[in-house]
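Quick note: numbers below take in every heavy atom, side chains included, and nothing from hydrogens, waters or symmetry partners. Order of the sequence lines sets the chain letters (A, B, ...), proteins ahead of strands, with each chain counted from 1.
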Amino acid sequence: MPVCVLPEGAGPGAQIPTHLTRIPISLISNNIDISNKTVKGKVVRKGPLVLLAADNFILKTVIQEEDSQADASSINVVLMGTLAKDFNQAVNQGDVVVASGFTVGKSPTVHKDKLHPCNLLMSGDNACIYVARLPPPRDPTSLPAVKRGPALSTEVSTQKYTYVGLGDLKTGSVVNVYGVVVFFKQPFKSRGTEDATQYAKDNIRLAHDNTVNFCSSLKITDQSNQKIGCTIFCEKLEDHPKIFKIGDIVRMHRVKTQFFNDSITLVNTFGFSVVTFDGAVGTNVEPRTSSRSVHFDQKDCQTVEELRSWAASQALIPSVPTTPLSAVQPKAYFDLTCQLLAKAPLDTTCTLLRVWDGTRCPHTLLKVIVEPNVTVGPTSFSTDRENLIADILVYDNHVEFARQLKPGDFLRIYNLRAIPGSSKVPGLTSSQPVEVDHLAFHLHGGTAYGRGIRVLPQNSPDVQELKRAIEAFPEDDELNDSALLEIWGTPPESLASLRASERNCTHDIEPVTLSELKRFNLGRVHHVRAQLRSYKPHRLHQALKLYCSKCSSMQDIPDDEVVAHLFLEASKEPGPCSAPPWLLSGQIDAPKDNPGSLKRALTVHLSSQLMSESRTKELIFLMGSTLEETRQLASGYQNIVPVRSSGGHLTLLDLSAPFLFRGRRKYYGCRRCSEPALRELCTEGVELIDETIIAKALGIQLLQYVLLMAFEVQDATDTLEAFLWRDAESFFGVSPEEVAANQEAQNCIHQTMDSLCPPGGSTGQRPWLDLCLMASRTEDDGGQKQPSYQICHTAFTKPPSTHSDPEPA
DNA sequence: GGTTAGGTTTCG
C-alpha cells in the first residue's frame, strides 16, 4: 500500500516501521545515504493529478517541515504511478505526511520557486507516504471558520456543522442556524464602539475603539414558524448577509442567543460567518458570500431546498417583490429595481438619483433641475429616454451611501415613497412650477421598514431581467447637452502650480485659447490650458478597447456572457479528437464553481518538450472548461490556451474568445489578421513563455489593450472634445493591459478622473490641465472630413492638496 | 472574546 493513512488520533510516528529514521529536509542532498530515511512535513501545495499515458499518473506536491518557514525546509515531491493517484485521493492540503523510499533528484525549479535545491522522486514499490490525521473535533460549533487553501484548491472540508432549528433555541448558547428572511435592513452605520461616556470616564481611547461598525437587522423563520430577530455587527460591509429580498435564505454560523423583550434574538459572535441563497424554488443553490472559505455540501443544498418549498407553501414570499415604475401608486411605499443613470448632490442632506427601469410611469413625474456641473453622469438625455427617467430624492443617511454609487450601477431601493403633489424640493428652480399632479419619489431618512439602497451584482437574475427590459430601448447617441457654456476665467500664471497635468513634448510653442485653436489649420500641434468639463465613458470597461496594430482596427472587449457562451459551445463538441503528436494528453480536476457540484475531469494537453523539462505548469492546452473554470485554473498555470475538438481535430476556439489566459490577464487575437492553427512552440532555451511567443506560434495577430476616452475640455473661450488614446498610458501612468487585469490600476484611473472632474464639485474647483493637442482630420460615417483632436505627450500630475494634511502613505 | 441595536416610516 503506497499511501498509508494512519488511524485517527494516532500519535506522530505511530505505525511507521521502526527501522526508518527521520532526517530534516534541510539536510537532504544528492550525497547522503537515503536508505531507511524518512522526511516529515505538511502538504503546503498539492498539484493536480496529471495523466501521462494510460494508467500512468504524475502529481507534484510541496511539503514543508513544520515549525520552519525557511525556503530550504520546503521541498518538491514528485509522485508517480499509482502512488500519485492514491495520494491525490487520500491526502489533502494541510495534512502532515511522512515519506519513505524516495530518491533524491535535482530540482529543476529551484530558481523559480526558491524551494529546496533537490526534489524527492517517489515511484515503485519501495515508495510510501504515511498520512497522520488529527481526530475530528467533537463540537463543531466551537470551531473557528474552516480555512480553505488557495483559490485553485477544490477541496471541501469534511467538517460537519449542526444546525439548531429556530424553535429549539436556548438562551446563552452559540449556534448555527438556517432561516428564511421575513424582514431585513441593509447594513447601516451603528454608533460604533466609541462610547462617549466611557471615553469621558476613562479618558483613554484605544485605537480599535474608534472603528466604524455596520449593523444589519433581520428577522428569519423556519418550519417551526418561530420568527427570530437577528442583529449582525461587522466592520466590513462584505461580511454582512447579502440579502436582496424577502424570502432569501440565510445560513449563519456562530451566532449567540440572547433574551430581549420576551423573545430570543441572535447576535453574531466570534468566528461568525453567513451565506445567503436565493429563496426561489427551482433556482440554482448558489451561496452568496465574499468569504473564500465556505463549507457547503449536499446536506446544505437539501436544507436550502426544503426551506424554499416550505416558504413557498407558507406564502412567505410576496408575489411581486419590487414594483416597476409603470405600476407605482401615488402615496404608496414600494421597492424599486432600477439602473442609475446620473446623480447630483443637491445639499448636504439630499442627493438626486436619476434612474430608470425600462418602464414608463403613467403619472407625471417631478423633474428636478440641477446645475450641469454638479451632475455625475450625463447631464441630459434624449426626450424618449427622459420620459422613462424617474428622479429620486434620497435624504440624510442615504446621502452618504449615494456618494458611492456610480452611473450604470444596478440598484434596489427599498421603501421608496411616491408623494403626489410634492411641495418643496431642493434644487427645484422657478423655471419649473410646482404642479399638483406631479409624483415625487422620496427615500426618507432613517432605516425604518428596511429603507435603504443596495447595489445588485451583475449576475443577479433581477439584473439580468432589468437589462433585457432596458436593452429594448435604443441608446442615446450623443448627449444633446444644450446647457449654455459657463465662462470660467483662465488661471493667472501664479496659479500654475495647481495644474494637474504637464506636457512632456518637445514642441516649443505658446499656449492658445480653445477658440483660437479651432481657427487654426488642422494637422498641427497646439498647446492649451483647459479644465475638464466632462468625459466619457464613465465606466472604465467601456473605455477599454482592443486594438490591432496591423490593420488599425479597434473593437470592444467581448462581453463576458458572450465569451462564456463560446466556452460552453466549445465544450459541447463531442470527442474523440486527435491531438497533434507533440502534445501529450492528461486530465485534471475542474475547479468546482458550485461547492455542491460534482467533480468533473477536464482534458489537458501538454507539450512533450515542456513535459520532459518538468515545466508542466508553464503552458497547458485546456479542453472542455467553462470560462469561470479557466479563470480559476489560470492561477495555477502560467499560460492556458483553451482548445476544442472540431471535426475530430484539436483546434483553437473562435477568436471572439481570449486565445490565452495568463494569470488575471486575457489575450485576444485579431480575426482579420490572424491565421490561427495549433502549431508546436519552440520552447527550448526560452526562459519565459509569454503571450508574444504563444501568439506567434499559433499564427495569431495579438490585439493590444488600449484606453479610449473623450475629454470635453473648456477654457474661458470655448469647449472642445479631445480624445485620449495613444498616449493614455503615459497620461495615467498605468498600462491599459494592467487596467484590464488589475483593480489597483483601475482605482488609479478612477482617482485621476475624480481629481480632474470631482463628482459633485463645481467647475471652478477643477484643476487646470496643460495639454498638448494634435489636430487632424478624420472622416465621419458620411465621408465628411471632421476635425479631430488627440491629447498627446501629456502626463497627469497630482495637483497639490489644498489642505495641510500629510499625504497618506 | 464583547458593545453597537433591539423593525414600524410619513419632513424635505
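A:Arg191 has no side-chain polar atom (N or O) that falls below the 4.0 Å cut-off from OP1 or OP2 of B:dT3. Side-chain nitrogen and oxygen atoms of A:Lys189 include none within less than 4.0 Å of the OP1 or OP2 phosphate oxygen of B:dA5.
Looking at the side chain of A:Phe183, the nearest of the listed nucleotides B:dT10, B:dG7, B:dT8 is B:dG7. With B:dA5, B:dG2, B:dT9 as the choices, the nucleotide that has an atom nearest any side-chain atom of A:Cys215 turns out to be B:dA5. Of the candidate nucleotides B:dG2, B:dG7, B:dT10, B:dT10 has the atom lying nearest to any side-chain atom of A:His444. For A:Ser217, counting side-chain heavy atoms from C-beta on, the closest listed nucleotide (B:dG6, B:dG1, B:dT4) is B:dG6. For A:Phe188, the listed nucleotide lying nearest its side chain is B:dA5; candidates were B:dA5, B:dG12, B:dT3. Among B:dT8, B:dT3, B:dT10, the nucleotide with an atom closest to any side-chain atom of A:Arg451 is B:dT10.
The distance between the ring centers of A:His253 and A:Tyr178 does not fall below 6.0 angstrom.
Residue contacts for A:Tyr333: at a heavy-atom cut-off of 4.0 Å it reaches a base atom on one of the strands shown. Across all strands, A:Gly450 comes closer than 4.0 Å to no nucleic acid atom at all (heavy-atom distances). Residue contacts shown for A:Asn415 include a base, since a base heavy atom lies under 4.0 Å away.
A distance of about 24 Å separates the P atoms of B:dA5 and B:dG1, rounded to the whole Å.
In this structure, A:Phe270 forms no aromatic stack with the base of B:dG2, since the conditions of centre separation below 5.5 Å and plane angle below 30° are not both met. Per the stacking criterion (ring centres < 5.5 Å, plane angle < 30°), A:Tyr449 does not stack onto the base of B:dG7.
Taking only distance into account, the side chain of A:Lys185 never meets the base of B:dG7 through a donor-acceptor pair shorter than 3.5 Å.
Each salt bridge (Lys or Arg N to Asp or Glu O under 4.0 Å) pair with one or both residues in residues 440-467 of chain A, not counting sequence neighbours, appears once here: A:Lys245-A:Asp462, A:Arg412-A:Asp462.
Distance CD1 (A:Ile232) to P (B:dG6): 13 Å, rounded to an integer number of Å.
Residues that satisfy the ring pair (Phe, Tyr, Trp, His ring centres under 6.0 Å) test with A:Phe183, not counting sequence neighbours, are absent from this structure.
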